[in-house]
*Asks:* 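Would you mind keeping the following structure in view while I ask a few things?
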Amino acid sequence: MLPRLLSIDKNSDLNMQKNYAPARIESDAQAHWETQKTFKVTEDATREKFYCLSMFPYPSGKLHMGHVRNYTIGDVIARYQRMLGKNVLQPMGWDAFGLPAENAARKNQAAPAAWTYANIEYMKTQLKRLGFGYDWNRELATCQPDYYKWEQWLFTELYSKGLVYRKNAVVNWDPVDQTVLANEQVIDGRGWRSGALVERREIPQWFVKITDYADELLDEIDNLEGWPDQVRTMQRNWIGRSFGVQMDFAVQGRTNAAGAGSAGAAGIQDSDESLTIYTTRPDTLMGVTYVAVAGEHPLAVKAAQGNAELTAFIEECRQGGTSEADLETIEKKGMPLGINAIHPVSGEAVPIYAANFVLMSYGTGAVMAVPGHDERDHAFARKYGIPIKQVVHPVDGSTVDIQAAAYIEKGVLKDSGPFNDLTSEAAFDAIAEWLQERGKGEKTKNYRIRDWGVSRQRYWGTPIPMIHCEQCGTVPVPLADLPVLLPEDIVYDEDTINPIKENPAFSDCVCPDCGGKAQRETDTFDTFMESSWYYARYTCPDADAMLDERAKYWLPVDHYVGGIEHAVLHLLYARFYHRLLRDTGLVENNEPFTRLLTQGMVVADTYYREQADGSKHWYNPAEVEVERDEKGRPLQAVLSTDGQPVIIGGIEKMSKSKNNGIDPQSLIDRYGADTVRLYTMFTSPPDQSLEWNDEGVEGAYRFLKRIWALADKMGTDPDALAGKSGSVPIIFDERQKTARREIHEALQKANYDYDRQQFNTVVSACMTMVNALYKLGDAVGDQAVLHEGLGIVLRLLGPIAPHISHHLWSDLGYGDDILNSAWPVPDETALKQESIQYVVQVNGKVRAKVQAPAEADKAAVEAIALANENVQRFIGEAQVRKVIVVPNKLVNIVAK
RNA sequence: GCCCGGGUGGCGAAAUUGGUAGACGCAAGAGACUUAAAAUCUCUCGACCUUUGGGUCGUGCCGGUUCGAUUCCGGCCCCGGGCACCA
């Protein structure tokens with residue numbers, strides 16, 4: 001089976017044979033895959049399918065290291081599955097809508113579309129240069145009308161099913177630029193361009209009812225066995241189903257105005273209003289000493305009428321960002337409204353406060369506060385001198401100082417009127433029933449997850465296919481009129497905020513129902529809408545429907561790879577969307593992704609100098625030299641150009657803002673794609689963060705050169721390569737047997753690690769093999785082991801460093817195309833050992849290593865261990881109490 | 001603030017998941033080859049002690065369970081990710 005090998009004249013192209021020249025090998029291999037259409041796939045009912053997907057990139061300009069890592073992991077899995085014989089689909093496309101295109105357009109005065117398409121073109125050449133095995137026939141970009149048309153269609157379908165609605169929601173408002181800001185554009189509470197203090201403002205927005213699917217999305221997390229526990233836990237917490245009690249507090253008009261100022265408060269009268277709150281701790285109800293409402297709450301708004309101080313406070317509450325992190329970390333402030341809530345059980349009046357940490361859009365915009373048993377309420381009560389009551393006591397009867405700190409554990413109720421001496425658990429039900437009987441409240445299931453707000457007040461996105469007609473109200477755009485095209489040939493300059501807002505050419509339209517004048521919705525979709533179903537569209541990218549029958553062959557995705565930062569939002573929206581597709585009859589299963597690998601971030605050192613204005617100027621690691629002591633600890637870092645020190649800013653995710661990115665392209669140009677792929681796979685396991693290190697890349701390159709040299713070391717004797725000495729099978733000597741055992745043990749390890757996707761140790765196993773092969777010489781037996789071993793190494797490395805593996809495999813005559821070769825399995829006879837090493841411990845400490853025959857039983861192993869001189873020395877005068885023998889591993893002698 | 005991870009030599013890591021801590025690689029040191037350098041090859045490489053046989057300590061910190069703990073349990077410290085309009 002070695003015709004090609006025999007025909008090679010090793011001296012004919014000496015340079016190429018002697019030196020590893022990745023550029024040429026890689027372009028040859030890529031040309032081979034291209035002309036053979038190696039990665040083009042179609043549905044084939046006779047073969048097991050495998051759909052391997054990596055999260056598609058945002059076309060930001062060029063690939064970054066995170067992309068390289070993500071796509072290498074995906075490609076390794078895809079190629080491995082292919083070599084196992086499956087019909088593998090691995091597509092690629094572009095998450096093309098988004099804010100950066102608008103920013104770039106503003107800066108470069110070019111249309112976002114042109115910028116995006118240019119980036120796609122360049123990044124595609126980079127992906128090809130890395131040798132990823134994609135079926136490019138299925139490429140898609142989410143900004144293409146034939147893609148977003150179907151998303152618009154689905155939205156109108158959801159509207160007709162009542163799964164879509166419009167309501168007011170809070171946004172970040174820049175009062176100077178008169179525009180909505182993304183959270184990213186709010187820096188320290190100010191607009192990024194104007195520097196103005198950001199305000200919270202409510203505007204009408206479209207929502208999709210993900211809460212209708214909350215139970216299903218939560219319950220089926222249990223079935224996602226191929227997902228990391230970390231992600232499953234995060235999603236469970238995100239959905240955050242809780243069981244609690246919703247109850248009403250009657251509102252009593254003004255009584256005491258303590259601290260509420262004086263002016264104008266007299267206008268408020270007794271009312272029969274009430275406010276509704278939700279709590280997961282009804283057992284603490286008797287400890288309520290105040291109630292807090294959002295600044296926008298009708299009660300607060302009403303109380304503020306004519307009250308300048310309260311009006312000013314409510315105004316202050318509107319300032320700052322809308323993100324949860326902002327709201328939770330701001331200084332908690334409040335102001336009494338001068339009205340009281342009536343405790344539903346005790347009838348006691350407790351003050352109602354407006355508070356800056358209560359948001360109108362979350363829950364009911366009002367919370368009951370129990371300072372004794374909630375940390376935040378406790379801090380607030382201390383600040384405003386509100387009483388702190390203890391109503392829950394530890395079960396063990398111990399006492400706690402409730403004035404010093406909140407007691408948040410469950411326990412036994414005291415000072416709770418009719419509920420005294422009940423446990424928290426019993427009180428939950430008792431209080432709920434008490435309220436229910438009196439029509440004041442009921443047990444409720446609540447979710448932390450909120451409906452998905454999909455409106456964005458931006459240009460570069462999918463137009464929301466809705467029309468506002470004065471006669472007919474809101475009317476969805478009918479399928480025949482889809483897609484609602486986003487105009488791409490628009491003018492963009494520094495002052496452009498949004499070319500489709502206040503643009504009659506876009507917004508003026510005719511009502512599909514009455515034919516009268518109407519206005520288009522000018523908001524666009526959240527880009528998560530596009531990324532929530534792209535995996536399905538890849539199966540039938542040219543379908544004249546959202547999806548066709550092909551989706552049923554390929555879905556679900558068997559393996560999905562992407563960043564851990566998508567653990568909740570993207571992955572939850574995609575799970576939700578898949579169910580929407582299912583309930584529209586487009587897919588047949590419940591979950592989109594069977595197995596998930598969340599890859600860690602690529603991180604690197606950061607360096608900066610403080611500027612005069614207090615800001616930081618970040619220097620790229622390539623511009624900095626680090627001085628180290630003899631142990632390699634960094635002493636200081638200096639800028640190469642001026643030799644002056646820079647501050648070492650610690651290790652952070654590679655990013656533009658910290659300027660600590662390493663451009664993959666320069667590494668590919670210098671070392672080739674295989675080295676970059678190998679390095680990223682070897683340095684860290686896929687799910688951990690990867691710390692960048694230039695010398696490590698050099699090491700990966702060195703390893704590939706060693707393999708290249710090994711190929712050169714292999715002779716051409718056809719008998720040796722066939723495992724024969726003349727016509728007789730080779731009898732291996734001890735040294736050769738040892739080499740074979742090392743190789744097959746490493747193979748066993750590599751296969752185990754391929755299966756659990758720990759690719760760094762797959763590479764380690766390959767290195768171990770190569771080290772063993774380097775010890776072999778020219779003897780016939782050595783050559784046979786070398787030939788066998790290198791064949792194994794090439795196939796193990798095939799998915800990781802595909803170009804060199806492809807080249808050597810065919811060049812050395814192992815076969816035609818390595819992708820079509822059989823995956824290697826360990827040879828049992830090579831693994832067999834006559835004697836086994838046991839570690840002998842005395843009282844848990846290693847004291848000796850002994851050899852025992854492989855067939856020795858426990859008693860025999862024990863005897864051999866006890867016979868050891870060092871073991872006897874440590875037993876000394878003590879009595880042997882117990883001997884533990886772990887087969888094939890260890891003996892522990894317990895002596896006292 | 002809340003939720004989720006992580007912490008092992010000078011560095012990245014490994015330990016088939018309760019059984020030899022540090023595989024594999026980087027950096028460093030020594031040697032071989034070379035006129036020389038680079039490249040390549042070989043060896044050493046956790047800390048401390050040592051009579052050179054070996055011994056003691058060591059996986060962020062404190063405690064516990066166990067014949068035996070990087071691994072399990074309780075408490076703490078530090079670092080990172082996500083927090084709904086970055087993608």
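Protein chains get the first letters and strands the later ones, always in sequence-line order, with residue 1 at the start of each. A quick note: this is a predicted structure, and the numbers were derived from the prediction, not measured.
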*Asks:* Check this for me, if you would: do A/Asp374 and A/Arg281 make a salt bridge, where the nitrogen-to-carboxylate-oxygen distance has to be below 4.0 angstrom?
*Replies:* no

*Asks:* P atom, B/A14 versus B/C79: distance in rounded Å?
*Replies:*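 That atom pair is separated by 23 Å.
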
*Asks:* Taking B/C86 as the reference, what is the distance to B/G81 when you measure between their P atoms (whole Å, please)?
*Replies:*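 Per the computed distance, 16 Å lies between those P atoms.
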
*Asks:* Mind calculating the distance between CG (A/Asp526) and P (B/C86) to the nearest angstrom?
*Replies:* 9 Å

*Asks:* If the glycosidic angle is within 90 degrees of 0 it's syn, otherwise anti, so just tell me which one B/G22 is.
*Replies:* anti

*Asks:* About how many Å separate NZ of A/Lys167 and CZ of A/Phe207, when rounded to the nearest 0.5 Å?
*Replies:* 4.5 Å

*Asks:* What residue pairs, at least two apart or across chains, pass salt bridge (charged side-chain N to carboxylate O under 4.0 Å, His left out) with a residue in residues 228-237 of chain A?
*Replies:* A/Asp222-A/Arg236, A/Asp229-A/Arg232

*Asks:* Using the C1' atom on both, measure B/G10 against B/G22 and round to a whole Å.
*Replies:* 14 Å

*Asks:* Relative to the ring of A/Tyr577, is the ring of A/Trp452 parallel (under 30°), tilted (30 to 60°) or perpendicular (over 60°)?
*Replies:* perpendicular

*Asks:* Considering every strand shown, what is the Watson-Crick or G-U wobble mate of B/C76 when both distances are under 3.5 Å?
*Replies:* B/G60

*Asks:* Within the 4.0 Å heavy-atom criterion, would you say A/Trp452 contacts the bases, only the backbone, or no part of the nucleic acid?
*Replies:* nothing

*Asks:* Name the closest nucleotide to the A/Val886 side chain, picking from B/G19, B/C86, B/G1.
*Replies:*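 Among B/G19, B/C86, B/G1, the one nearest the side chain of A/Val886 is B/G19.
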
*Asks:* Take atom CD of A/Gln235 and atom C1' of B/G81, then tell me their distance rounded to the nearest Å.
*Replies:*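 Distance check: A/Gln235 CD to B/G81 C1' gives 15 Å.
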
*Asks:* Which whole number of Å gives the distance between the P atom of B/C62 and that of B/U70?
*Replies:* 14 Å

*Asks:* Sequence neighbours left out, what passes salt bridge (charged side-chain N to carboxylate O under 4.0 Å, His left out) with A/Arg677? Give chain and number order.
*Replies:* A/Asp75

*Asks:* Take atom CE of A/Met55 and atom P of B/A87, then tell me their distance rounded to the nearest Å.
*Replies:* 15 Å

*Asks:* Of A/Gln205 and A/Lys849, whose nearest nucleotide on RNA chain B comes first from the 5' end?
*Replies:*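 Per heavy-atom nearest nucleotide, the more 5' residue is A/Lys849.
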
*Asks:* Taking the inter-plane angle between the rings of A/Tyr148 and A/Phe97 on a 0 to 90° scale, is it parallel (under 30°), tilted (30 to 60°) or perpendicular (over 60°)?
*Replies:*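 Because their plane-to-plane angle lies in the 30° to 60° range, the rings of A/Tyr148 and A/Phe97 count as tilted.
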
*Asks:* Would you mind calling B/G54 syn or anti? Take O4'-C1'-N9-C4 for purines or O4'-C1'-N1-C2 for pyrimidines, and syn is within 90° of 0.
*Replies:* anti

*Asks:* Separation of A/Asp326 atom CG from B/C83 atom C1', in whole Å?
*Replies:*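 After rounding, the reported distance stands at 10 Å.
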
*Asks:* P atom, B/G6 versus B/C72: distance in rounded Å?
*Replies:*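 The same atom, P, in both gives a distance of 10 Å.
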
*Asks:* Rounded to the nearest angstrom, tell me the gap between atom CE in A/Met681 and atom C1' in B/G25.
*Replies:*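 Distance check: A/Met681 CE to B/G25 C1' gives 15 Å.
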
*Asks:* Would you say the side chain of A/Asn892 and the base of B/C67 hold a donor-acceptor pair, judged only by whether the two atoms sit under 3.5 Å apart?
*Replies:* yes

*Asks:* Does A/Arg200 make a cation-pi contact with A/Trp173, if we ask for NZ or CZ under 6.0 Å from the ring centre and within 45° of the axis?
*Replies:*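 The answer is no; the distance or angle limit is not met.
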
*Asks:* Might you point out which heavy atoms bring A/Glu745 and A/Leu831 nearest each other, and give the distance in Å?
*Replies:* N-CD2, 3.5 Å

*Asks:* Below 3.5 Å between N/O atoms, which protein atoms pair up with nucleotides 13-15 of chain B? Just atom names and distances, please.
*Replies:*
unit_1: B/A13; atom_1: O3'; unit_2: A/Asn760; atom_2: ND2; d: 3.4
unit_1: B/A14; atom_1: OP1; unit_2: A/Asn760; atom_2: ND2; d: 3.1
unit_1: B/A15; atom_1: OP1; unit_2: A/Arg756; atom_2: NH2; d: 2.4
unit_1: B/A15; atom_1: OP1; unit_2: A/Gln758; atom_2: NE2; d: 3.0

*Asks:* Given the C1' atoms of B/A47 and B/A36, what is the spacing between them in whole Å?
*Replies:*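 Looking at atom C1' only, B/A47 and B/A36 are 39 Å apart.
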
*Asks:* Scan A/Phe528, A/Phe56, A/Tyr573, A/Trp94 and name whichever one has a ring-ring contact (aromatic ring centres under 6.0 Å, His included) with A/Tyr534.
*Replies:*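 The option that passes is A/Phe56.
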
*Asks:* Provide a list of protein-nucleic acid N or O atom pairs under 3.5 angstrom, restricted to nucleotides 53-56 of chain B.
*Replies:*
unit_1: B/G55; atom_1: OP1; unit_2: A/Arg847; atom_2: NH1; d: 3.4
unit_1: B/U56; atom_1: OP1; unit_2: A/Arg847; atom_2: NH2; d: 3.3
unit_1: B/U56; atom_1: OP2; unit_2: A/Arg847; atom_2: NH1; d: 3.0

*Asks:* Consider the side chain of A/Val894, meaning its heavy atoms from C-beta on, and name the nucleotide among B/C67, B/C4, B/G1 that approaches it most closely.
*Replies:*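 The nucleotide sitting nearest to the side chain is B/C67.
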
*Asks:* Could you tell me the separation between the CD atom of A/Glu199 and the OG1 atom of A/Thr322, rounded to the nearest 0.5 Å?
*Replies:*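 Spacing of CD (A/Glu199) from OG1 (A/Thr322) equals 13.0 Å.
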
*Asks:* Can you pull every protein N or O that's under 3.5 Å from an N or O on nucleotides 39-45 of chain B?
*Replies:*
unit_1: B/C41; atom_1: OP1; unit_2: A/Arg706; atom_2: NH1; d: 2.5

*Asks:* A/Leu678 CG to B/C24 C1': how many Å, rounded?
*Replies:*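 From A/Leu678 CG to B/C24 C1': 12 Å.
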
*Asks:* Using only heavy-atom distances, determine whether the side chains of A/Gln758 and A/Thr761 contain a donor-acceptor pair under 3.5 Å.
*Replies:* yes

*Asks:* Where each residue is assigned the nucleotide of RNA chain B containing its nearest heavy atom, which of A/Arg448 and A/Met601 is assigned the position nearer the 5′ end?
*Replies:* A/Met601

*Asks:* Which pairs of donor and acceptor atoms, one on a side chain in residues 880-894 of chain A, lie under 3.5 Å apart (sequence neighbours left out)?
*Replies:*
unit_1: A/Asn892; atom_1: OD1; unit_2: A/Gly844; atom_2: N; d: 3.0

*Asks:* Is the number of heavy atoms from other residues, nucleotides or ligands within 6.0 Å of NZ (A/Lys107) greater than 12?
*Replies:* no

*Asks:* Within the structure shown, what part of the strands sits under 4.0 Å from A/Leu569 by heavy-atom distance: base, sugar-phosphate, or nothing?
*Replies:* base

*Asks:* When the distance from CD of A/Gln841 to P of B/G68 is rounded to whole Å, what number comes out?
*Replies:* 10 Å

*Asks:* Ion pair present between A/Arg193 and A/Asp177, side-chain N to carboxylate O less than 4.0 angstrom?
*Replies:*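 A/Asp177 and A/Arg193: salt-bridged.
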
*Asks:* What is the nucleic acid contact for A/His566, judged by heavy atoms within less than 4.0 Å: base, sugar-phosphate only, or nothing?
*Replies:* base

*Asks:* Just the rounded figure in Å: distance from C1' of B/A87 to OH of A/Tyr534.
*Replies:* 12 Å

